[in-house]
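Here is the structure we will look at.
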Amino acid sequence: MTIQQIIDKVKANDPKADTTALELAFELAEKAHKGQVRKTGEPYISHCLHTAYTLAQMKADINTVVAGILHDVPEDTDYALDDIEKLFGKDVASLVQGITKLSKIKYRGIERYVESLRKMFLAMADDLRVILIKFADRLHNLKTLNALPTEKRMRIAKETLEVYVPIAGLLGIWTLKWQMEDICFKYIYPEEYKKLEYKYEVEKKVERHKYTQKVKTILSQKLKEAGVDHEITGRFKHLYSIYKKMQNKNRKFDEIYDVFALRVIVPTVADCYKTLGIIHSIWKPMISRFKDYISVPKPNGYQSLHTTIFGPEGKATEFQIRTNEMNEEAMYGISAHWYYKEKGVSKEMPAKQMRWVKEILDIQKHSEDTKDFIKQVKFDVFRNRIFVFTPKGDVYDLPEGSTPIDFAYAVHTEVGNKCNGVLINDKMATLDTPLKNGDLVEIIIEKSRKGPNYDWLKFAKSHKAKNKIRQFARSSPLTTLKKFIPGMK
Ligand code: MN
């Protein structure tokens, strides 16, 4: 890795970028880390360059890339934050400071987990770019994990899987999420990893390549005839997701449909649907596997058309169809967000992500103990999210497993407090019914209702609902409270 490669990458993203700061940062970092070597035996500067390169790949803004080069300077060398501020200005200095703060975690075990989550989210609320640098730093540390003693290796792999990966998913940075997952998988479950790697990379590789080539040729010809510009790639399927699918559904490797997977990238949304039509006219689709995430994007903003068809020889083959912009968003998530924002760099994150960060910090404030906090974060934020619709067509995204009570409190505290019943898809249902993706939920309100039923706590899942129900009980006169808590005198 050289500084020139980083400069080239930044220039490719933005030909007008002024890259002198990059060269200056390289000079300083090289001088500062002189004589230091990584456990791998490489000079320390190579870690700084790899970190910065990942950031440039993610299309981060130039100050973030500069901070990536400098991220270990104040902690590990004789140069201080002041030196960085003098040379590179306040913005770069505050990014480097954010990273330095994050790296000081002294707890062990579960306390450590909570502390690193808390710090990550606090840093995120401050300036999201700090997290991007931390991710890039972690990725290179993972890639060089081999050089560390076993115990430390396992700790880093586990922490990555439990803390970093879910946050990368939350922010929609899939390229990073996948890379981190596969490396952690290799260290945490070495046997399973080896088996799958052999099956996927050795046994099936030739067959897969031949087959996808065939499908590509047929489709490409038809798209040309229809005048649709396109790029078809055989999609790399990462091993950890295959492993997880096999675990969840108890299926064998051969049954995981999307082992054959192709991605078609076209210029416009209209071309996406046109391409879908062409694919369905060549091969028979499995209707149950068709998903239109363009008209109804996933909660994290992901957009694409997904379809699985019976291809040549009747083999199930999955296609993802999307525009180039959707593709970049899907790969780089929130870091592509700034790139597409024409007015230059903003430190703010989009409203949806901001809400999640606030939710976590709020959970932390109200949690009674460490275990409670972890449970809530895992449920409220790291769970798969589902879409639920109001009768007016407004969309709410909730964690999988949410009930109408969670929905009611997500809409409004008063809707929760006055909730008296629910219609799910126009049918009466009980308030503890788990909601499903796409449900139309109508809460029936009783205006004269005094407040929530304490029993709801038995099935309310989200932090917000539980908290509001408890809060109401606390603020009510003692007489009401007695009704709420059986056996209270
Ligand atoms: Mn580092």
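Both ligands and their constituent atoms are indexed starting at 1 by order of listing. Just so it is clear, the structure is predicted and the values come from calculations on it, not from any experiment.
Between Leu139 and Tyr164, the closest side-chain pair of non-hydrogen atoms is not below 4.5 Å. Side chains of His33 and Cys48 form a contact here, defined as non-hydrogen atoms less than 4.5 Å apart. Contact check for Asp406 versus Thr403: side-chain heavy atoms found under the 4.5 Å cut-off.
The Mn ion (ligand 1) does not have His140 among its coordinating residues (no N/O/S atom, backbone or side chain, under 2.8 Å). Not one N, O or S atom of Cys48 sits under 2.8 Å from the Mn ion (ligand 1).
Within 6.0 Å of the NZ atom in Lys39, the count of heavy atoms belonging to other residues, nucleotides or ligands does not exceed 12.
The N, O or S atom of Asp72 with the smallest distance to the Mn ion (ligand 1) is OD2. The Mn ion (ligand 1) sits nearest to atom OD1 when only the N, O or S atoms of Asp137 are considered. With respect to the Mn ion (ligand 1), His47 has NE2 as its nearest N, O or S atom.
Under a cutoff of 6.0 Å and an axis angle of 45°, Arg153 and Tyr187 do not form a cation-pi pair.
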